[in-house]
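Read the structure below first, then the notes.
FYI, side chains are in, hydrogens and waters are out, and symmetry mates aren't considered; it's all heavy atoms of this structure.
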Amino acid sequence: MLLVLSAVSCISPKKVLYLQDMGQDSQIQLENKYEARISANDELRIIITCDNEELSRPFNLNYGGNGGMGSMMGGSGNYMGYLVDIYGNIQMPILGELHVAGKTRLQLQDEIRHMLVAGEYIENPFVMVRFNNYKVFFLGPDGGKAITIPEERCTFLEALALSGDLSNFTRRDRIAVLREVDGKMTMRYLDPRNSDVFNDPYYMLQQNDIVITQAIRSAYYREELSYWTSWIAVLTSLTSITTLIAFIKNQK
């Protein structure tokens, strides 16, 4: 049984090593150029400032912290964000309803800045738009977790690193990325052992993507064998105790 356990525990390097076809000074032309676009259920942090704080104050949601504007520009822990509704709209003070779905944060920044100037609300505004809830989710034998992406740009390999990497008993050839596209859930398998992954359309992850991993077959065998080994150990102990008791009785 120990020999069987050792056999199923052996993992070939070809099954787990990343980017095996790349060597010294390898160069790969990257084709993916991705910028996150706003979609329904996103939470946006929109901050408007100018030289005169009294002019910009009505356009900002109430801030619950005590750190002033410096804290507002930093983390989003206490900042009340704008939740994009199912129609792709948000409601801003004074400016009213804005359709934001499908736009990048830079496009929305320019649009709000133009509205402030055109409406003669603020002459020279500074507008900052950030995602409050840019996350990627992991499901699989290594556990489930949600990872917050601070840079609003995350590659497939970066997400694996942020998750704490995969165990040796996780399949590399069938790592799935689950994504909602035009109201439909789509799934695509990526293989980080090959450099072709760099130009896969799902290599640049989007907000709310779900990465799903699977254990290799030997991992299941290993768990099954461990389960039965435990029971055999219990039965062996009971048998030994029973034999010992019978031996003691016979001696009497």
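The heavy-atom pair separating Y134 from L205 by the smallest distance is OH-O, 3.2 Å. Taking all atoms of both residues into account, the shortest heavy-atom contact from C50 to P125 is CB-CA, 4.4 Å. In terms of heavy-atom proximity, I86 sits nearest to A40 at CA-CB, 4.0 Å. Between A215 and P141, the closest heavy-atom pair is N-CG, 3.6 Å.
Checked against side-chain contact (heavy atoms from CB on, under 4.5 Å), N41 has no partners two or more places apart in sequence or in another chain. For R179, the salt bridge (Lys or Arg N to Asp or Glu O under 4.0 Å) partners two or more places apart in sequence, or in a different chain, are D209. In this structure D110 satisfies the side-chain contact (heavy atoms from CB on, under 4.5 Å) test together with R113, sequence neighbours excluded. Residues forming a side-chain contact (heavy atoms from CB on, under 4.5 Å) with M92 (at least two apart in sequence, or on another chain): I46, I48, Y82, I90, L95, L98, I112. Applying the side-chain contact (heavy atoms from CB on, under 4.5 Å) rule to T148 yields the partners K135; only residues at least two apart in sequence or on another chain are considered. Qualifying salt bridge (Lys or Arg N to Asp or Glu O under 4.0 Å) partners for E120, counting only residues two or more places apart in sequence or in other chains: none. Checked against salt bridge (Lys or Arg N to Asp or Glu O under 4.0 Å), R37 has no partners two or more places apart in sequence or in another chain.
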Could you walk me through whether V127 and L108 pass side chain to side chain contact (heavy atoms under 4.5 Å, CB included), step by step? CA-CA 9 Å; V127 180; L108 182 57; over 6 Å; no

What do the steps show when you test R172 against Y18 for side chain to side chain contact (heavy atoms under 4.5 Å, CB included), and what is the final call? CA-CA 9 Å; R172 265 57 170 185; Y18 295 110; 3.7 Å; yes

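The distance from atom CD of E180 to atom OG of S39, rounded to the nearest 0.5 Å, is 7.5 Å. Atoms CD1 and CZ, from I175 and R193 in turn, are 9.0 Å apart once rounded to the nearest 0.5 Å. To the nearest 0.5 Å, atoms OG1 (T243) and CD1 (I248) are separated by 11.0 Å. With values rounded to the nearest 0.5 angstrom, D21 atom CG is found 6.5 Å from I28 atom CD1. Note: Q214 CD to L166 CG = 12.0 Å, rounded to the nearest 0.5 Å. To the nearest 0.5 Å, the span separating CG on N208 from CD on Q206 amounts to 9.5 Å.
Screening I38, I149, V136, D42 for a side chain to side chain contact (heavy atoms under 4.5 Å, CB included) involving Q207 leaves a single residue, D42.
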Listed pairs under 3.5 Å, donor-acceptor, residues 152-163 side chains, sequence neighbours left out:
{"residue": "E152", "atom": "OE1", "partner": "R105", "partner atom": "NE", "Å": "2.8"}
{"residue": "E152", "atom": "OE2", "partner": "F131", "partner atom": "N", "Å": "3.1"}
{"residue": "T155", "atom": "OG1", "partner": "E158", "partner atom": "N", "Å": "3.1"}
{"residue": "T155", "atom": "OG1", "partner": "E158", "partner atom": "OE1", "Å": "3.4"}
{"residue": "E158", "atom": "OE1", "partner": "T155", "partner atom": "N", "Å": "2.9"}
{"residue": "S163", "atom": "OG", "partner": "L160", "partner atom": "O", "Å": "2.7"}

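Here salt bridge (Lys or Arg N to Asp or Glu O under 4.0 Å) pairs that include residues 86-103, with residues two or more places apart or in two chains, are K103-E111.
With 3.5 Å as the limit, one finds a donor-acceptor pair spanning the side chains of T170 and S167. Inspection of the E43 and N133 side chains reveals no N or O donor paired with an N or O acceptor under 3.5 Å.
Between R171 and D173 there is a salt bridge, with a side-chain nitrogen of the basic residue lying less than 4.0 Å from a carboxylate oxygen of the acidic one.
More than 12 heavy atoms of other shown residues, nucleotides or ligands fall within 6.0 angstrom of atom NE2 in H99. Atom CD of Q20 sits in a crowded spot, with more than 12 heavy atoms from other residues, nucleotides or ligands closer than 6.0 Å. Environment of CG in D51: sparse, with no more than 12 heavy atoms of neighbouring residues, nucleotides or ligands closer than 6.0 Å.
Under the 4.5 Å side-chain contact rule for hydrophobic residues, V84 and L106 do not share a cluster.
The hydrophobic cluster containing I245, built from Ile/Leu/Val/Met/Phe/Trp/Tyr side-chain heavy atoms closer than 4.5 Å, also comprises I241. Hydrophobic cluster membership for L83: none, as no Ile, Leu, Val, Met, Phe, Trp or Tyr side chain comes under 4.5 Å of it. In the hydrophobic clustering (ILVMFWY side chains linked at under 4.5 Å, chained through shared members), L178 is joined by F137, L139, M185, M187, Y189, I210, I212.
Counting only heavy atoms from C-beta outward, the side chains of R188 and P201 approach each other to under 4.5 Å.
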